[in-house]
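See structure below.
Just so we're on the same page: letters track the sequence lines, and every chain starts at 1.
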Number of protein chains: 2
Amino acid sequence: MAVAVVVVIFTVRDGELSVLLIERSAPPCEGEWALPGGFLRPGETLQAAAVRKLHEETGVADVFLEQLYTFDRLGAGAAEAVVSYFALVDVHRTRLREELEWRPAWHAVRALPKLAFENERVVELARERLRNKLEYTNIAYSLLPERFTLSELQQVYEAILGEAIDKRNFRKRVVGLGIVRETGEVRKHGAHRPAMLYEFTRREPMVL
Amino acid sequence: MAVAVVVVIFTVRDGELSVLLIERSAPPCEGEWALPGGFLRPGETLQAAAVRKLHEETGVADVFLEQLYTFDRLGAGAAEAVVSYFALVDVHRTRLREELEWRPAWHAVRALPKLAFENERVVELARERLRNKLEYTNIAYSLLPERFTLSELQQVYEAILGEAIDKRNFRKRVVGLGIVRETGEVRKHGAHRPAMLYEFTRREPMVL
DNA sequence: CCAAAAGTGTTCTGACTACACCCATGC
DNA sequence: GCATGGGTGTAGTCAGAACACTTTTGG
């Protein structure tokens with residue numbers, strides 16, 4: 001009996017909130033998908049194990065990562081307790097492992113495959129927490145590159161909240177509360193009017 | 001290495017937010033105070049262990065109890081992971097154990113003794129969470145008897161939040177949001193005007 | 001000239017704050 | 001009659017929601 005860690009790694013790809021899953025290449029639950037996770041190494045901290053897993057699967061570090069909940073008996077698994085974390089990453093900064101065994105892949109949260117070890121519960125809880133924290137913190141900073149347009153940010157919010165947001169109100173809120181600020185620059189898209197680029201006032205967790 | 005559970009049990013006594021501590025009667029940290037807790041029994045669930053601890057120390061069951069956070073290396077202790085819970089009880093329903101060894105006692109949060117195993121961190125976190133949840137849930141239901149006056153409820157809120165609240169605004173909020181409702185009854189105090197008795201609309205956790 | 005996305009202001013409503021006086025009771 | 005706590009209403013402010021049109025650009 002020991003302690004295990006799992007990480008719910010979210011990103012927004014093509015306007016879809018997605019989560020990183022690993023295809024299991026050995027029993028138990030061979031062939032099913034599961035959240036990245038594993039047992040603590042000797043002497044390793046919980047947080048350190050979560051950071052390690054996140055880095056192993058996506059190559060990223062220094063992103064939003066927070067403890068979520070501690071489960072026991074997850075899928076009658078081998079672990080006495082499973083400490084879950086959730087993380088937010090910018091999909092463009094990630095580099096997934098390419099092996100065919102234990103292959104990681106992004107899955108839209110709206111269409112998850114069958115998961116091993118009751119991982120649905122973990123994902124669902126993480127998703128709720130994400131929706132809540134999005135409303136009163138700046139955690140979205142971890143989902144976008146340094147500079148982005150307000151439309152891009154809004155798309156991220158809409159993907160996570162699952163509903164359309166009014167452009168003007170969104171701007172007022174996100175700028176007014178000091179979540180983001182204008183950089184001087186603009187970006188020229190293809191066939192569109194150039195757009196002002198914004199940046200987060202702080203690229204670390206803060207409560208508003 | 002194993003998993004341990006600790007429970008931060010809050011109550012409000014004499015207008016002071018207080019927490020239940022146990023005086024340690026054996027090493028390590030003999031003579032210091034610590035939160036009630038211990039290792040999981042074989043086959044026992046985390047939640048079940050927390051419920052058990054709560055019941056052992058206070059005799060109460062069926063109160064608000066929620067997982068708080070999972071620590072590791074708490075005080076360089078023996079546990080690989082320490083899963084903390086926090087609970088709210090009505091002090092008048094509790095019956096503390098009377099033994100002199102491992103004696104439990106209420107301590108005002110504003111004047112804690114030195115705690116073992118870095119339990120200060122746990123208490124502080126629980127306190128923050130309590131303050132936050134008080135604002136947007138009905139968790140106070142667990143701190144008062146079935147029927148109570150609005151003044152009593154307000155005193156509980158003030159003790160937890162640490163600041164005075166306007167009587168009229170408090171009434172509007174707590175009745176208006178449907179946290180409590182009037183019973184028909186009044187209570188006659190000593191030398192005062194009789195007071196309307198209220199009850200919580202639900203004596204279980206709900207988000208407002 | 002048309003399609004696509006960027007940008008912009010006002011009005012309304014509901015929630016929260018601040019604030020002061022009268023009432024019923026027991027002593 | 002007075003001390004104690006119970007009970008009540010109003011005005012101001014602020015945040016959030018609803019809502020439509022104009023501009024720039026590339027093709």
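- Applying the 4.0 Å criterion to OP1 and OP2 of D:dG6, one finds that B:Ser151 has a side-chain N or O inside that range.
- Taking the 5' to 3' direction, DNA chain C first and last meets chain A under 4.0 angstrom from a heavy atom at C:dA4 to C:dT10.
- The pair B:Arg13-B:Glu16 fails the salt-bridge criterion, with no side-chain N (NZ, NE, NH1 or NH2) lying under 4.0 Å from an Asp/Glu carboxylate O.
- Counting to the nearest Å, the P atom of D:dA15 and the CZ atom of A:Arg168 are 19 Å from each other.
- Residue contacts for A:Lys188: at a heavy-atom cut-off of 4.0 Å it reaches no nucleic acid atom on any strand shown.
- Heavy-atom contacts from other residues, nucleotides or ligands closer than 6.0 Å to CG of A:Asp62 number 12 or fewer.
- None of B:Leu21, B:Ile22, B:Val7 except one satisfies the side chain to side chain contact (heavy atoms under 4.5 Å, CB included) rule with B:Leu35; the exception is B:Leu21.
- A:Met196 has its CE atom 14 Å from the C1' atom of D:dT24, to the nearest Å.
- Straight-line distance from the CG atom of B:Asp166 to the P atom of D:dT13: 18 Å, rounded to whole Å.
- Salt bridge present: B:Arg103 and B:Glu23 bring a charged side-chain N and a carboxylate O closer than 4.0 Å.
- The residue among A:Arg171 and B:Lys167 whose nearest nucleotide of DNA chain C is located toward the 5' end is A:Arg171.
- Where A:His189 and A:Arg173 each meet DNA chain D at their nearest nucleotide, the meeting point lying more 5' is that of A:Arg173.
- Atoms CD (B:Glu152) and P (D:dG5) sit 13 Å apart, rounded to a whole Å.
- For A:Asn169, taking side-chain heavy atoms from C-beta onward, the closest of the listed nucleotides D:dA17, D:dT25, D:dG5 is D:dA17.
- Residue A:Glu135 contributes atom CD, which lies 10 Å from atom P of D:dG16 at whole-angstrom precision.
- When the C1' atom of D:dT25 is taken as reference, atom CZ of A:Arg193 falls 9 Å away, rounded to whole Å.
- Ring orientation note: the planes of A:Phe148 and A:Phe200 are tilted relative to one another, at an angle of 30° to 60°.
- In this entry the distance linking OH of A:Tyr136 with C1' of D:dA15 reads 19 Å, nearest Å.
- Between B:Arg131 and B:Glu135, no side-chain nitrogen of the basic residue sits less than 4.0 Å from a carboxylate oxygen of the acidic one, so the salt-bridge criterion is not met.
- With rounding to whole Å, A:Arg187 atom CZ is found 16 Å from D:dT25 atom P.
- Taking every side-chain heavy atom of B:Lys172 into account, D:dT10 is the closest of D:dA17, D:dT25, D:dT10.
- When side chains are defined from C-beta on, B:His189 counts as touching B:Thr149, because their heavy atoms get closer than 4.5 Å.
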